[in-house]
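Take a look at the structure set out below.
Naming convention: chains lettered A, B, ... in sequence-line order (proteins, then strands); numbering from 1 in each chain.
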Number of protein chains: 2
Amino acid sequence: MTEPKTPDAAATTGPAKKHSRSGKSNATIYDIAKVAGVNPSTVSRALSKPGRVSAKTQKLIEDAAAELNYQVNPFARALPTGRTNTFGLIVADITNPTFFDIIRGAETTATLRDYTMVLAESAESGVTELTAARRMMATVDGLILASPRMDDDDIRTIARDKPVVVINREVDGVPCVVPDVNKGISEAVRSLAGNGHHKVAFVAGPPQSWMSARRWEGVQAACEWSRLEAVRLESTKPTVDGGRQVARDVRASGATAVLTYNDLLAIGLMQELQAAGMVIPDQISIVGFDDIFGADFTTPPLTTVRSPLGECGSGAATLLLDLLHGDLPRGTGETAATLRVETELVLRGSSGRLLPAG
Amino acid sequence: MTEPKTPDAAATTGPAKKHSRSGKSNATIYDIAKVAGVNPSTVSRALSKPGRVSAKTQKLIEDAAAELNYQVNPFARALPTGRTNTFGLIVADITNPTFFDIIRGAETTATLRDYTMVLAESAESGVTELTAARRMMATVDGLILASPRMDDDDIRTIARDKPVVVINREVDGVPCVVPDVNKGISEAVRSLAGNGHHKVAFVAGPPQSWMSARRWEGVQAACEWSRLEAVRLESTKPTVDGGRQVARDVRASGATAVLTYNDLLAIGLMQELQAAGMVIPDQISIVGFDDIFGADFTTPPLTTVRSPLGECGSGAATLLLDLLHGDLPRGTGETAATLRVETELVLRGSSGRLLPAG
DNA sequence: AGGTATTTGTCAACCGGTTGCCATTAATTG
DNA sequence: CAATTAATGGCAACCGGTTGACAAATACCT
């Protein structure tokens, strides 16, 4: 006979062409409209404009939607509105653990607020970064740049088109999330001074790094305050390898304590110095920045100025999402909102009292 | 006569109300069509169906597109076609370094092939994972699941809707990328046997972890081959902390060598054992899995069975993208393609000769 | 040349929501 | 109770590409 009462169970043709269409979640507002006996536009309103339709109709529609297992088609929505419920995160280096917590913080906030995060990396290059940003522009509502390498003007250009939040850097007119290095650094330098050190070296990071400059300034200021001598050394790249390479300069500098631009450098430096027979912290103290994953794996564990990276990530995402929803901080005039987070010294074994040379 | 020769220069109405939209990259195929003097559909074909229009028209259109700085609107394209040029990557834990290289590998491949990658995390929960996957379904062309925690059936259900590639697990009927543990494990066990060990403990990972099961099997087999005794211990969670907690059981087991489900466990275990005064590797040898970032920071540096994680990430992305483009591996019948990658022992300081108890 | 086979471009109908404008209908008020 | 006003739902025109069907133009053939 002709199909008793299971009109849909009639998948007669068999699994014709695998997952071509089967998966497309199919119910549309038109289907809902039919079931609920209203006009599609009413469905649209019920689902996105709270209070625009009567409570009765609302319920009718919601029930129908639930029954049909309806899900909005993000593309159909994005087309006329331009809103995509997506933001982009660009980091300088995906494998640099500094960014892990930032990524996680941002992702968590995204999911929480029903946004999707797309990730891209700039490979520490300003050009690649700009390309990635441009590529994203078309598909996202806003952008988070973590430790951007492009110049201020490029950032501002992008910010003119889409909301942008910057992490680890301050750019005029763009909302930023920056760890305030002063507290952490002054704690670190005071600790070193208390341990009998007189000459401190700072190993700088990439020249384009805004944060590297801030840290160097902070170290200089703190040293002046504590009446220590501060010298600056350059690194080739902000990695473990770069840390190894700078060991030579560190020894030549005569400093008994070293602060490095980041933990990676500190770890590499420590490895190289130890390989050369130096005892840490008896002969030289080492302090890193960030407190990345693995900073406490070393022997001795690394003393470091911690930045709350996860907080930076979630803070940036929150800032961006608030911006997108128009909860923009009023009263700030033309100056963009800047979120400052605290840094603190994490005292571990790689820094300590200087032993008299034997 | 009427309109000498500049029909377009007649923009009489002036710039009425622009900058509301200033940011949105604006040129559409209709604009191009106007400039090139053809029909919009011809523009569409010229831009996406190679060879469908004459070389002359093609050039005309391309020039116009370039001049107008045209970029396709991904949403407008996605609406009728369903293709989004985006894939999703779901990892169990964003802050677990195991995934860093996977993420990077996948992201690099994505960018290379002009795809966008969106990232989500399951927080080691099968339910969260399924939710994340469902959420993504609507917006991606395919999905990569790295170390999935949901069960096979859920995975297959998803795979029925959209192409899925799984990393670190084998699921019938779904393409997978799995490190083949045997080579690495047998190297490790042979090394331990050669160093005088007789009893080996394996610290297992999460019960839902397919890979944990494989590794335990591998250890058992290799131990049998080398005539070593193998015991299995359970961990509470696959983290540094979990490693610390299992130290007690390890000591009680009487094993002189330990292989742990992953490096994190190994590191935590090592820390705890050392804190209790044990000397590694003199009194006990420790071998991890994966060779994550930081595995060589420890003292002694960690011996580990390396999985080529980056390769897994890029391999999975390549597989997925090939699938999406219909370059599906023919001849495999109904069984899905599985990509196996090699593992190898990375011999460092945490394993070695067992010294006679003093 | 006439006639068929091929390109190549046009038309128009989608894809699935959103939203301004208008017509009902219900609520409020003098 | 009639009149004014507010709440609600419907119509239709978008958003910007894609694609099947078809006609026009060009090529190829005997």
Problem set entry | Value in whole Å for how far the C1' atom of C:dG17 lies from CG of A:Asn73 | 8 Å
Exercise. Between D:dG17, D:dC15, C:dG17, which nucleotide has the shortest distance from any of its atoms to the side chain of A:Leu79?
Worked result: D:dC15
Seminar exercise, completed: B:Ile29 CD1 to D:dC15 P, in whole Å, measures 12 Å
Problem set entry | Protein-nucleotide distance (B:Arg83, atom CZ; D:dT18, atom P), rounded to Å | 8 Å
Exercise. A:Ile61 has an atom CD1; how far is it from atom P of D:dT8, in whole Å?
Worked result: 12 Å
For this session: Assess whether one donor atom and one acceptor atom, taken from the side chain of A:Ser41 and the base of D:dC11, lie less than 3.5 Å apart.
Result: yes
Problem set entry | ring-ring contact (aromatic ring centres under 6.0 Å, His included) pairs, two or more places apart, involving residues 105-130 of chain A | A:Tyr115-A:His325
Exercise. Going by heavy atoms closer than 4.0 Å, what residues in residues 44-59 of chain A are next to DNA chain C?
Worked result: A:Ser44, A:Arg45, A:Ser48, A:Lys49
Could you pull out all donor-acceptor pairs under 3.5 Å where a side-chain atom in residues 119-134 of chain B meets a protein atom, sequence neighbours excluded?
residue  : atom : partner  : partner atom : Å
B:Glu121 : OE1  : A:Arg104 : NH2          : 3.2
B:Glu121 : OE1  : B:Ile94  : N            : 2.9
B:Glu121 : OE2  : A:Arg104 : NE           : 3.3
B:Ser122 : OG   : B:Glu124 : N            : 3.3
B:Glu124 : OE1  : B:Arg149 : NE           : 2.7
B:Glu124 : OE1  : B:Arg149 : NH2          : 3.1
B:Ser125 : OG   : B:Val127 : N            : 3.2
B:Ser125 : OG   : B:Thr128 : N            : 3.0
B:Ser125 : OG   : B:Thr128 : OG1          : 2.8
B:Glu129 : OE1  : B:Arg149 : N            : 2.6
B:Glu129 : OE1  : B:Met150 : N            : 2.8
B:Glu129 : OE2  : B:Arg149 : N            : 3.3
B:Thr131 : OG1  : B:Val127 : O            : 2.9

Exercise. Who passes ring-ring contact (aromatic ring centres under 6.0 Å, His included) against A:Tyr70, sequence neighbours left out?
Worked result: none
Exercise. What integer distance in Å separates A:Lys34:NZ from C:dG16:C1'?
Worked result: 13 Å
Seminar exercise, completed: Axis-to-axis angle for the helix from C:dA1-D:dT30 to C:dG30-D:dC1, ends of five pairs each, to 10°, equals 30°
Seminar exercise, completed: Whole-Å distance, A:Tyr30 OH to C:dC14 P, equals 12 Å
For this session: To the nearest Å, give me how far apart CG (A:Asn39) and P (C:dT18) are.
Result: 13 Å
Problem set entry | Test side-chain hydrogen bond (donor to acceptor under 3.5 Å, both in side chains) applied to A:Asp151 - qualifying residues, sequence neighbours left out | none
Exercise. Does any donor atom in the side chain of A:Ser44 or A:Ser41 lie under 3.5 Å from an acceptor atom in the other side chain?
Worked result: no
Seminar exercise, completed: When B:Ala76 and B:Val38 are each assigned the nearest nucleotide of DNA chain C, the 5'-most assignment goes to B:Val38
Exercise. Between D:dG10 atom C1' and A:Ile32 atom CD1, what is the distance in whole Å?
Worked result: 17 Å
Exercise. Which part of the nucleic acid, if any, lies within reach of A:Phe75 when heavy atoms closer than 4.0 Å are counted: base, sugar-phosphate only, or nothing?
Worked result: nothing
Seminar exercise, completed: From the candidates D:dG9, C:dC15, C:dG17, the one with an atom nearest any side-chain atom of B:Pro80 is C:dC15
Exercise. How far does OG1 of A:Thr42 sit from CZ of A:Arg52, to the nearest 0.5 angstrom?
Worked result: 8.5 Å
Problem set entry | Set of salt bridge (charged side-chain N to carboxylate O under 4.0 Å, His left out) partners for A:Asp172, sequence neighbours left out | none
Exercise. For residues 133-169 of chain A, which residue pairs qualify under ring-ring contact (aromatic ring centres under 6.0 Å, His included), counting only residues two or more places apart or in two chains?
Worked result: none
For this session: Using the test salt bridge (charged side-chain N to carboxylate O under 4.0 Å, His left out), find all partners of A:Lys34 that sit at least two apart in sequence or belong to another chain.
Result: none
